[in-house]
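Notes follow the structure.
These figures come from a predicted structure and were not determined experimentally. Within every chain, numbering begins at 1; the chains are lettered A, B, ... in the order of the sequence lines, protein sequences first and strands thereafter.
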Amino acid sequence: DAGVIQSPRHEVTEMGQEVTLRCKPISGHNSLFWYRQTMMRGLELLIYFNNNVPIDDSGMPEDRFSAKMPNASFSTLKIQPSEPRDSAVYFCASSFPPTANEQFFGPGTRLTVL
Amino acid sequence: AQTVTQSQPEMSVQEAETVTLSCTYDTSESDYYLFWYKQPPSRQMILVIRQEAYKQQNATENRFSVNFQKAAKSFSLKISDSQLGDAAMYFCAYSGGATNKLIFGTGTLLAVQP
């Protein structure tokens, strides 16, 4: 299995631009998570899906952030418009809950907003 | 709300020696899981070890073991025979309740001295 795949690995954009981060979970996993990692706030959950349905989006910072999971093999996290404070590493993780809640992480996307 | 606390921002150990990283957590749940994740400079999140709260026996994975004290809500990680490749940020994480989202501590940066 290829593991969780994220693209792009690095993204540099200018303030005000739209940014779309992509994630392909491990085949067969039915839970998908988006995390953000910053020096100030550490690792924090933004949103998670179960069977393609958003279950908890309380971690989404504001309306500029949106996430979708149109099918079991693809999810996007969109920021529009982006701001410098959105600069962070964004991780996608997937899991199959019966396996002791273990989550498998993608390599992350490092986002820099100038 | 559940919380995870790592009180050691940085630790250092000599190669081949043993080091223990501390973690405490707070929860009102009776059924939950605890994890240690390793994040090397590549930023990939790697699961090191996990513990099911209902199991009294401490988990062990090769050179890595935990000391799980449920009553004290303590979950420390012991790394034996430390190797240069163990140098990384280590995160303690909790998962429990109706969801399997992870709540992370702030991390401990481990340096291994040759």
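- The number of heavy atoms from other shown groups lying within 6.0 Å of CG (Asn71(A)) is above 12.
- Using a 4.5 Å cut-off between heavy atoms, Gln39(B) contacts chain A through its side chain alone, with no backbone atom that close.
- Note: Phe104(B) CZ to Gln37(A) CD = 8.5 Å, rounded to the nearest 0.5 Å.
- For the atom pair OG (Ser95(A)) and NZ (Lys101(B)), the distance works out to 13.5 Å, reported to the nearest 0.5 Å.
- There is a path of hydrophobic side-chain contacts, each under 4.5 Å, that joins Leu77(B) to Leu84(B).
- The number of heavy atoms from other shown groups lying within 6.0 Å of NZ (Lys70(B)) is above 12.
- No more than 12 heavy atoms of other residues, nucleotides or ligands shown are found within 6.0 angstrom of CZ on Arg41(A).
- Within the 4.5 angstrom heavy-atom criterion, no atom of Asn50(A) approaches chain B.
- Atom NZ of Lys73(B) sits in a crowded spot, with more than 12 heavy atoms from other residues, nucleotides or ligands closer than 6.0 Å.
- Within a 6.0 Å radius of CD in Gln57(B), no more than 12 heavy atoms belonging to other residues, nucleotides or ligands are found.
- In this structure, Tyr48(A) is a member of the same hydrophobic cluster as Val89(A), with clusters built from ILVMFWY side-chain heavy atoms closer than 4.5 Å.
- With rounding to the nearest 0.5 angstrom, the CZ atom of Phe91(A) is 6.0 Å from the CE atom of Met45(B).
- Follow the hydrophobic side-chain contacts under 4.5 Å out from Ile79(B) and you reach Met11(B) in the same cluster.
- The OH atom of Tyr33(B) lies 11.0 Å from the CD atom of Glu102(A); values are rounded to the nearest 0.5 Å.
- From Leu45(A), atom CG reaches atom CD1 of Ile103(B) across 9.0 Å, with rounding to the nearest 0.5 Å.
- Within a 6.0 Å sphere centred on CD of Gln14(B), heavy atoms belonging to other residues, nucleotides or ligands number more than 12.
- Using a 4.5 Å cut-off between non-hydrogen atoms, the part of residues 106-113 of chain A that approaches chain B consists of Gly106(A), Pro107(A), Gly108(A), Thr109(A), Arg110(A).
- Within the 4.5 angstrom heavy-atom criterion, only side-chain atoms of Leu47(B), from C-beta onward, approach chain A.
- Using a 4.5 Å cut-off between heavy atoms, Tyr37(B) contacts chain A through its side chain alone, with no backbone atom that close.
- Contacts between residues 89-96 of chain B and chain A, defined by a heavy-atom separation under 4.5 Å, are made by Phe91(B), Ser95(B).
- Under the 4.5 Å side-chain heavy-atom criterion for ILVMFWY residues, no single connected hydrophobic cluster contains both Tyr35(A) and Leu21(A).
- Interatomic distance, Phe104(A) CZ to Ile46(B) CD1, rounded to the nearest 0.5 Å: 12.5 Å.
- A continuous path of ILVMFWY side-chain contacts below 4.5 Å connects Phe105(A) to Phe33(A), so both sit in one hydrophobic cluster.
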